[in-house]
Trainee: 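Can you read through this structure? Questions will come right after.
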Amino acid sequence: MFELAKAISLQKYQMIVKHTLDIMLQFFNPRLIMIDLKYIQNNFEEASIKLSKKGVGQDVLNELNDLFQLLKAANSKYESMKAEQNKLSKLFGEYKQKGLDTNELKDGIDKLKVQLPSLLEEARIADEKLQNLALVIPNFPDNEVPEGKDEDDNIELKKVLEPRVFDFQPKEHWDLGEKNGWIDFERGVKLAKSRFSVLKGTGAKLERALINFFLDTNAKAGFEEFNVPVINNANMLLGTGQLPKFEDDLFKIDGEELYLIPTAEVALTNLYNDEIIDASSLPLLLTAYTPCFRKEAGSAGRDTRGMIRQHQFDKVEMVAISHPDKSDEIFDMMVQNASDLLTALELPHRLVMLCGGDLGFGASKTVDIEVWLPGQGKYREISSISNTRDFQARRAKIRYKEDGKNLFVHTLNGSALAVGRTLIAIMENHQQEDGTIEIPDVLKKYL
RNA sequence: CGGGAGAUGGUAGAGCGGUUGAAUACACCGGUCUUGAAAACCGGCGAAGGUAACACUUCCGGGGGUUCGAAUCCCCCUCUCCCGGCCA
């Protein structure tokens with residue numbers, strides 16, 4: 001997922017957002033979409049401890065709180081004066097109807113009208129400043145999320161399946177891919193640029209088989225299949241948290257406020273953008289296959305060889321829109337479902353709880369699933385399941401109605417699974433000494 | 001890309017300068033009736049902010065303007081629908 005900016009300072013925040021937000025606000029009205037300011041205000045200590053896990057300094061929270069107070073003060077000043085004006089205008093109408101003299105009223109209104117614009121402007125500026133800052137504050141991590149800086153501080157929860165012992169030197173997937181004629185790296189680069197590749201023959205068929213296998217299995221777990229646009233507008237990317245902070249990671253359509261999605265999470269979650277869902281229809285379990293597009297801006301030099309880190313890759317994604325009371329339960333189910341997919345493919349893997357520093361921007365809790373790659377002799381991420389609690393729901397205005405009240409849902413997302421990396425894992429784990437690859441039984445009926 | 005129409009609450013659909021946050025219908029929720037359900041009748045029913053609760057503010061696609069006052073008038077933008085061209 002996205003790299004979290006470390007050691008974030010106020011100035012850096014303001015610089016990062018200014019440009020993108022300016023552009024976006026030309027096209028979209030700035031609705032009040034942000035983290036829970038009231039919670040921060042009422043639980044300042046707790047909030048700052050939580051956010052420090054994600055590297056947010058206390059100065060940022062102080063600034064946020066000050067802006068919030070400023071906005072409230074400016075608003076109430078403006079609103080009471082506006083109320084006065086509305087009252088007089090109403091009277092004006094009545095006077096006119098009765099044929100009374102309105103001159104005095106008009107004078108009163110005129111006096112108020114001189115002051116109103118500056119008060120409104122004051123409130124508007126406070127609101128804009130507040131939002132600029134609030135939109136780049138990451139989600140609060142759960143209490144169970146371990147302290148830590150980076151992936152070295154993540155905690156292994158469990159291992160599933162023992163890595164196979166090879167009686168020969170296992171090859172890396174790029175060797176196997178070329179030897180079997182499944183992957184053509186050169187021509188992928190020719191067609192687009194580096195970090196693109198071409199699958200062919202059985203490689204291409206396996207990719208398709210995996211997609212179908214994943215979708216079918218997810219359906220059995222209760223997820224409804226969707227086919228969604230892979231181009232989404234800026235407002236949707238704002239809703240799930242990719243914008244404004246991570247624009248550099250996205251492919252943008254030239255001249256339009258449209259982006260290629262970096263994950264189907266964006267489209268699936270935002271299906272319910274600005275909607276109020278009846279509590280009785282929760283949870284909504286959604287799944288979709290899409291290609292995903294990422295600039296990998298911060299990853300220069302990493303995984304340049306092979307198919308691990310591409311600008312375009314296939315993924316089957318799960319998304320859940322959940323009642324707040326049920327999201328932990330659903331989270332566990334999603335982790336289990338993703339893990340079961342790997343088990344069915346006979347791929348050794350482990351579950352890892354991400355530490356605060358490695359947690360994504362919108363996540364309050366994330367479990368990564370890492371698959372064993374014998375060629376590299378390492379576990380590598382193949383799925384990432386996150387509970388964002390109400391973080392995305394607030395931004396995307398996804399609510400549910402219960403007992404007449406509108407409340408924010410919880411949203412969750414997780415890969416099930418990254419298709420290209422699964423293909424790699426199959427090649428490396430099920431390779432034979434002669435370089436051929438044994439296809440797992442569950443896939444055979446899909447070929 | 002060219003020509004026409006439109007954008008109002010969950011949906012349909014009135015309103016076209018004042019007390020209309022918005023008629024009406026359907027949907028939905030509560031009640032009466034019923035063994036239970038349906039029907040009928042009565043009542044409620046958009047959202048955000050704000051408040052202890054009221055008050056109050058904002059929102060009729062988005063932005064700006066006219067006016068004492070705008071869902072209603074004017075300008076710009078976006079989107080949708082119909083007709084024509086192009087095209088999977």
Side-chain angles (χ1 to χ4, degrees), chain A residues 21-42 67-131 134-135 227 229-239 253 255-259 270-282 284 321 390 393-409:
Chain A
L21 213 59
D22 279 355
I23 294 170
M24 281 172 20
L25 295 186
Q26 290 173 7
F27 295 86
F28 302 102
N29 64 320
R31 309 173 304 188
L32 213 66
I33 34 175
M34 48 174 64
I35 50 164
D36 195 343
L37 289 169
K38 281 186 197 161
Y39 166 78
I40 293 180
Q41 195 183 19
N42 296 329
L67 286 170
F68 189 37
Q69 297 306 330
L70 200 69
L71 172 66
K72 288 217 284 194
N75 255 341
S76 79
K77 239 195 290 177
Y78 168 76
E79 282 178 9
S80 59
M81 192 158 287
K82 184 69 185 171
E84 186 66 20
Q85 196 212 339
N86 288 345
K87 213 183 293 172
L88 294 180
S89 287
K90 213 169 248 184
L91 264 182
F92 189 101
E94 287 170 25
Y95 276 38
K96 255 311 201 232
Q97 215 160 34
K98 292 177 188 159
L100 298 171
D101 177 46
T102 55
N103 281 334
E104 205 176 312
L105 273 180
K106 178 127 171 33
D107 285 350
I109 293 170
D110 285 345
K111 245 181 245 165
L112 289 174
K113 279 180 73 174
V114 178
Q115 307 176 55
L116 273 170
S118 68
L119 288 178
L120 181 62
E121 181 64 5
E122 202 180 311
R124 198 192 59 77
I125 288 172
D127 183 55
E128 192 179 290
K129 279 187 185 163
L130 181 63
Q131 288 215 48
L135 282 171
N227 192 301
V230 298
I231 296 175
N232 283 196
N233 67 46
N235 207 23
M236 301 302 113
L237 277 297
L238 188 74
I253 307 291
E256 311 220 42
E257 290 307 308
L258 295 170
Y259 299 81
N270 281 299
L271 284 172
Y272 294 93
N273 189 299
D274 202 16
E275 294 196 21
I276 299 172
I277 304 159
D278 193 274
S280 65
S281 48
L282 297 176
L284 299 166
I321 313 275
D390 66 0
R394 285 174 179 279
R395 294 177 154 242
K397 289 181 72 177
I398 308 174
R399 288 158 293 169
Y400 70 100
K401 191 182 274 289
E402 190 174 54
D403 300 330
K405 277 192 283 202
N406 297 324
L407 303 161
F408 291 111
V409 298

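Just so it is clear: chains get the letters A, B, ... in the order the sequence lines come, proteins before strands, and each one is counted from 1. Worth saying up front: this structure is predicted, and the values here are computed from it rather than measured.
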Trainee: Are any of the side-chain nitrogens in A:Lys397 or A:Asp274 under 4.0 Å away from the carboxylate oxygens of its partner?
Mentor: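 Yes.
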
Trainee: Given Watson-Crick or G-U pairs with both distances under 3.5 Å, what dot-bracket string fits RNA chain B, with | for other-strand pairs and [ ] for crossing?
Mentor: ((((((((.[[[..)..(.....]]].(((((.......))))).((((......)))).[[[[[..)....]]]]])))))))....

Trainee: Using a strict threshold of under 4.0 Å (side-chain N to carboxylate O), is an ion pair present between A:Arg124 and A:Glu128?
Mentor: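 Salt bridge between A:Glu128 and A:Arg124, a charged N being under 4.0 Å from a carboxylate O: yes.
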
Trainee: What residues, two or more places apart in sequence or in another chain, satisfy salt bridge (charged side-chain N to carboxylate O under 4.0 Å, His left out) together with A:Lys106?
Mentor: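 Partners of A:Lys106 under the salt bridge (charged side-chain N to carboxylate O under 4.0 Å, His left out) test: A:Asp110.
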
Trainee: Cut-off 3.5 Å, side chains only: do A:Gln85 and A:Lys82 have a donor facing an acceptor?
Mentor: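 Checked: A:Gln85/A:Lys82 side chains pair up, N/O donor to acceptor below 3.5 Å.
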
Trainee: What interatomic distance, in whole Å, is found between P of B:G9 and the corresponding atom of B:C33?
Mentor: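 The answer is 38 Å between these two P atoms.
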
Trainee: Given atom CG of A:Leu120 and atom C1' of B:G64, what is their separation to the nearest angstrom?
Mentor: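 Between C1' of B:G64 and CG of A:Leu120: 13 Å.
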
Trainee: With rounding to the closest Å, how many angstrom separate the P atoms on B:C59 and B:G69?
Mentor: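 It comes out at 14 Å once rounded to the nearest Å.
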
Trainee: Out of B:G18, B:G46, B:G50, which nucleotide sits closest to the side chain of A:Lys96?
Mentor: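 Looking only at heavy atoms from C-beta outward on A:Lys96, the closest nucleotide is B:G18.
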
Trainee: Does A:Tyr95, at its OH atom, have more than 12 non-hydrogen atoms belonging to other residues, nucleotides or ligands within less than 6.0 Å?
Mentor: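 Incorrect, the count does not exceed 12.
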
Trainee: By nearest atom, which of the nucleotides B:U19, B:C68, B:U51 is closest to the A:Ile109 side chain?
Mentor: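 The nucleotide sitting nearest to the side chain is B:C68.
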
Trainee: Using atom P of each nucleotide, how far apart are B:C29 and B:C45 to the nearest Å?
Mentor: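 So the two P atoms sit 16 Å from each other.
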
Trainee: Once you round it to whole Å, what is the distance between C1' of B:U57 and CZ of A:Arg124?
Mentor: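 Taking atom C1' of B:U57 as the reference, CZ of A:Arg124 is at 18 Å.
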
Trainee: Using whole Å, what does the distance between atom P of nucleotide B:G69 and atom NZ of A:Lys106 come to?
Mentor: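 Value for this atom pair: 8 Å.
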
Trainee: Pick base, sugar-phosphate or nothing for A:Lys77, based on heavy-atom distances below 4.0 Å to the nucleic acid.
Mentor: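 A:Lys77: no heavy atom of the nucleic acid under 4.0 Å.
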
Trainee: Check whether any side-chain N or O of A:Asn406 sits under 3.5 Å from a backbone N or O of A:Arg399 as a donor-acceptor pair, and report yes or no.
Mentor: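 Side chain of A:Asn406 to backbone of A:Arg399, a donor-acceptor pair under 3.5 Å: no, none is there.
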
Trainee: Expressed as a whole number of angstroms, how long is the span from A:Leu88:CG to B:C68:P?
Mentor: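 It is 14 Å, rounded to the nearest whole Å.
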
